[in-house]
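If you're wondering where the values come from, they're calculated on a predicted model, not measured in any experiment.
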Amino acid sequence: MWLVRPAQLDDLKQILTIAGTQGARLSSTLPKESDSLARKIELSVASFESSLPEDQAPRFLFVLENTDDGTIGGVAGIDARAGSGEPFYSYRKDALIHASHELGVSRRVEVLYPSHSLTDQTLLCSFVIRPELRGTEAFELLSRARILFIAEHRDLFTSRVVVEIQGVQSDDGSVPFWDSLGRHFFNMTFEDADRYSASLSKTFLAEMMPHNPIYVSLLSDAAREALGKPHDVTSGNYELLRREGFQEGCYLDIFDAGPVLEARTDSLHTLVTSHRKILHGRHDDDGENCLVAAGEGADFRCVLAGIEDTLENELKVPVKTWNLLGKSAGEAVRVAPL
């Protein structure tokens, strides 16, 4: 059975294995270096325990655990504030009109403006899952459990949520947008830039990018074609987020020009369709398969379970589900349809 819970330092080795073999990422990456990843987990632990300094925004990291053997199948994160105290850079798509009255010429030119307008909005990030689990119920559990956590801790998060989706990347590892733009300002491959941004910060890299508008017509054909397009491997995550209520806006990832999706937090499908219920037991596993979450902070747990709903606002689940959630009969849980 799959369980989503807060990441712990004991998970470090397994998370490193997943991060190191992920290939193309599904959203913002995880660090692939042990020390950097350990710091990220420690920050998450402190966030779940509400022990961060008042001026530091929480950053949460969840794992998908197979409760039968303790293996970790995936990782997903939430940054309560994008940028976490630093500017969160992206490109904003816009257009300029170049006109000459004397020549009678008017032309609309597409441009990309460096922007940090998304700074401090809640960010879904660090989504990585083993390839064999993509498209499964475990995949959906890992992604949507974060929304149930937001629902139970609504005051920690902002009115809007964003998520970066990886852009186009060739089979040989080249990234058309980066190769056409970023490499002119950095003597490094996209992989190196991505690694630095995951382990350190995107900010110092983004600040070295040109601050003037980028004329799209000056990019290579491949780079122009890649603007706003998700990587093929992200299709499952992309469609799931679209069903959740996320939409493409005018922003692009500053490194690979992948789409940045946006949504109103209180309109997210999982949040809107979730309800608090009182937990009760049953003996069989039959019933509608739903996401069931319980616990605050470090005690948060989320599973998929066959449930039986009653008219008395009660939720009947197998006793083994109680144990995984760390709850007993009569306590409150939050449930959402799969």
Are the aromatic rings of H116 and F88 close, with centres under 6.0 Å apart? no

Is a side-chain donor-acceptor pair under 3.5 Å present for E248 with Y238? yes

Of all heavy-atom pairs between V292 and A305, which one has the smallest distance, and what is that distance? CG2-CB, 4.4 Å

May I ask you to check whether over 12 heavy atoms, not counting those of E331, lie within 6.0 Å of atom CD? yes

Can you find a side-chain donor-acceptor pair between S90 and S115 that sits under 3.5 Å? no

To the nearest 0.5 Å, what is the distance between CZ (R334) and CG (L271)? 6.5 Å

L148 versus A336, closest heavy-atom pair with distance: CD2-CB, 4.1 Å

Report yes or no: do D256 and Q166 form a side-chain donor-acceptor pair below 3.5 Å? no

Does this structure show an ion pair linking R276 with E152, if we count only N-O contacts that are shorter than 4.0 Å? yes

Distance in Å, L261 CG paired with N237 CG, rounded so as to fall on 0.5 Å steps: 8.5 Å

Please assess F255 against V175 for the test side-chain contact (heavy atoms from CB on, under 4.5 Å), listing each intermediate value before the final yes or no. CA-CA 9 Å; F255 290 156; V175 176; over 6 Å; no

Using a strict threshold of under 4.0 Å (side-chain N to carboxylate O), is an ion pair present between E65 and R5? yes

Measure centre to centre between the rings of F149 and H153, then say whether the value is under 6.0 Å. yes

Can a side-chain donor-acceptor contact be found between T270 and E244 if the only test is distance below 3.5 angstrom? yes

Nearest heavy-atom contact between A57 and L52 is O-CD1, 3.9 Å

Between atom OG of S159 and atom CZ of R264, what is the distance when rounded to the nearest 0.5 Å? 8.0 Å

Identify the two heavy atoms, one from L9 and one from A38, that lie closest to each other, and give their separation to 0.1 Å. CD2-O, 3.9 Å

Which heavy-atom pair separates A76 from R146 by the least distance, and what is that distance? CB-CD, 3.6 Å

Let me confirm one number: the CD-CD1 distance from E288 to I307, rounded to the nearest 0.5 Å. 5.5 Å

Any side-chain heavy-atom pair from L64 and I72 closer than 4.5 angstrom? no

Interatomic spacing from CG in D11 to OG1 in T17 - rounded to 0.5 Å: 11.5 Å

Does E110 have more than 12 heavy atoms from other residues, nucleotides or ligands lying within 6.0 Å of its CD? no

Does this structure show an ion pair linking K229 with E225, if we count only N-O contacts that are shorter than 4.0 Å? yes

Step through it carefully: locate the ring centre of Y113, locate the ring centre of Y251, and say whether they are under 6.0 Å apart. no

Please determine, by modelled atom types, if S47 and R59 share a side-chain donor-acceptor pair under 3.5 angstrom. no

How far apart are the closest heavy atoms of C125 and D79, and which atoms are they? SG-OD1, 3.7 Å

Pairwise distance CG(L112) to CG(L219) - rounded to 0.5 angstrom: 6.5 Å

Can you check side-chain contact (heavy atoms from CB on, under 4.5 Å) on V161 and Q121, steps first, answer last? CA-CA 6 Å; V161 186; Q121 294 190 24; over 6 Å; no

Examine the side chains of S36 and R39 and answer whether a donor and an acceptor come within less than 3.5 Å of each other. yes

